Amino acid sequence: MEFVQQLLEWYGKNARELPWRSDTSAYKTWISEIMLQQTQVEMVIPYFNRWMDQFPDIYALASADEQAVLSAWEGLGYYSRARNLHRAAQYVVQTFGGQLPRSSELLKSLPGIGDYTAGAIASIAFGEDVPAVDGNVRRVLARYFDVSLPARSHAGAQELWRLAEAHLPPGRAGDYNQALMELGALICRPKNPLCSTCPIAEGCRAYLFDLQALRPVTTRGKKTPHLTVTAAVIRRGDQVLLAQRPPDALLGSLWEFPGGTLEESDADLSACLQREIQEELGVAINVGQAFGRYRHAYSHFKITLHAFLCSLSPGVEPQPLEGQNLAWVKIETLPDYPMGKVDRQIARRLIGEDDNEALPG
DNA sequence: TACCCGTGGTA
DNA sequence: TTACCAAGGGT
């Protein structure tokens, strides 16, 4: 059976013990697969364990507040995954009586489940004979079969799915898919693959031709822009002002210290902050002393954020001009509001934790 | 289709 | 420092 028998044998001996592998229930498999999207195993493990304590089944998830779901997700990134998970749970409870659909095709109808995740859940939890091609599988197959089409192109993806399906051992799709992924993660790594210990190196064309570094074929990404942004820590007594971000934006539905991007027309950082607050909240703020400089890389751009302690003149009340939720929050309750990394650093500094997180200057 | 969407690790 | 990568999906 070509390389598949060797692959399955290797997987049987070398599979890592992971929290979601001891019980391949549909719910646990689903949660783990969503968390694992674009996220490494070591990062997911503690989140998965906490999640199962907090939302042990689909009913607990469906009935939870979105804010609690986002807080459980805080730090994992790609927050639409959490919002989609929450929506999908409610949909499954309402439409399917709490039972996740058992077929790959139906699973794809749920928000947040695409081709890969549908194949993974259907094969691992329900035993359906369907492939699941993720970044690991793309790399393993592109090397083993020396696929020269760009892996992320339409034609390349089609070819890789075809290869995955063509070699799928009936009745063992779950192990087969996971074995390919495990091999990609542990042996057939993007850089410095461990070909000397690879169980299928013998038949690997990339190994034969020494093309490992050129497979899979990738295309150049564009350069990431670097923006300068400002944020206002507007204090009033023991409270501070938070704004909730739009649901479909970057860091959607998370809370932040209001502010925005420095523009050419801004004379300086203070002018930028005053303009942004005027636009978003309809008020003039008094910009006080600097409260830290933070660098951060998002998925497709980088920022340097300058935070400032600010105040409002007596009687001035901020307005949600862009339809956003606003909240005056006591400092000690800041941990209750889900935030992205930079805003969380600011919040922690306000509380008095991690006094040295901000960069000098 | 290309672009948007987080964060942490690595070379 | 920068670029790339990680169990991708939505639009």
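Quick caveat, the model's predicted, so the values are computed rather than measured.
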Please tell me if A:Thr117 has a side-chain N or O lying less than 4.0 Å from either OP1 or OP2 of C:dA7. no

When the C1' atoms of C:dA7 and B:dT1 are considered, how many whole Å apart are they? 24 Å

Between the main-chain N or O of A:Phe3 and the side-chain N or O of A:His167, is there a donor-acceptor pair closer than 3.5 Å? no

Can we say A:Glu322 and A:Arg245 salt-bridge, meaning some charged N sits less than 4.0 Å from an Asp/Glu carboxylate O? no

A:Tyr116 OH to C:dG10 P, straight-line distance once rounded to whole Å: 14 Å

Relative to A:Tyr47, does A:Arg50 satisfy both conditions: NZ or CZ under 6.0 angstrom from the six-membered ring centre, and within 45 degrees of the ring's axis? yes

Return the value, rounded to whole Å, for the distance between atom CD of A:Gln38 and atom P of C:dG10. 13 Å

Residue whose nearest DNA chain C nucleotide is more 5′ - A:Thr224 or A:Val133: A:Thr224

Please state the P separation for the pair B:dG8 and C:dG9 - nearest whole angstrom. 22 Å

Find the distance A:Leu18:CG to C:dA7:P and express it as a whole number of Å. 12 Å

Whole-Å distance between C:dC5 P and A:Leu36 CG? 19 Å

Determine the interatomic distance between C1' on B:dG6 and the same-named atom on C:dC5; round to the nearest Å. 14 Å

Atom NZ of A:Lys341 to atom P of B:dT7: distance rounded to whole Å? 8 Å

Base, sugar-phosphate or nothing for A:Gly114? Non-hydrogen atoms, less than 4.0 Å. sugar-phosphate

Atom CZ of A:Arg138 to atom P of C:dG8: distance rounded to whole Å? 7 Å

Return the 5'-most residue of the pair A:His154, A:Val342 with respect to DNA chain B, ranking by each residue's nearest nucleotide. A:His154

Check nucleotides 3-5 of chain B for protein N or O atoms closer than 3.5 Å to its own N or O atoms and list the pairs.
residue : atom : partner  : partner atom : Å
B:dC5   : OP2  : A:His300 : NE2          : 2.7

Mapping A:Arg81 and A:Asn192 to their closest nucleotides on DNA chain B, which lands nearer the 5' end? A:Arg81

Does this structure show an ion pair linking A:Arg81 with A:Glu33, if we count only N-O contacts that are shorter than 4.0 Å? no

Is there a side chain to side chain contact (heavy atoms under 4.5 Å, CB included) between A:Lys222 and A:His300? Walk through the geometry before answering. CA-CA 9 Å; A:Lys222 63 173 189 179; A:His300 59 292; over 6 Å; no

Rounded off to whole Å, could you give me the CZ-to-C1' distance for the A:Arg152 and C:dG8 pair? 7 Å

Between C:dT1 and A:Arg295, is there an OP1 or OP2 to side-chain N/O distance shorter than 4.0 Å? yes

If each of A:Gly112 and A:Gln40 is mapped to the nucleotide of DNA chain C with the nearest heavy atom, which maps nearer the 5' terminus, i.e. the 5' end? A:Gln40

A:Arg349 and A:Glu353 ion-paired at < 4.0 Å: no

Look at the side chain of A:Thr39 and the base of B:dG6, then say whether one donor and one acceptor between them are separated by less than 3.5 Å. yes

Helical stems, DNA chain B - three or more consecutive Watson-Crick or G-U wobble pairs below 3.5 Å: B:2-5 with C:8-11, B:7-11 with C:2-6

From CD of A:Gln37 over to P of B:dG6, roughly how many Å is that when rounded to an integer? 13 Å

Any salt bridge between A:Arg344 and A:Glu74, counting N to O under 4.0 Å? yes

Side chain to side chain contact (heavy atoms under 4.5 Å, CB included) partner of A:Leu281, chosen from A:Leu241, A:Leu321, A:Val316, A:Leu312: A:Leu241

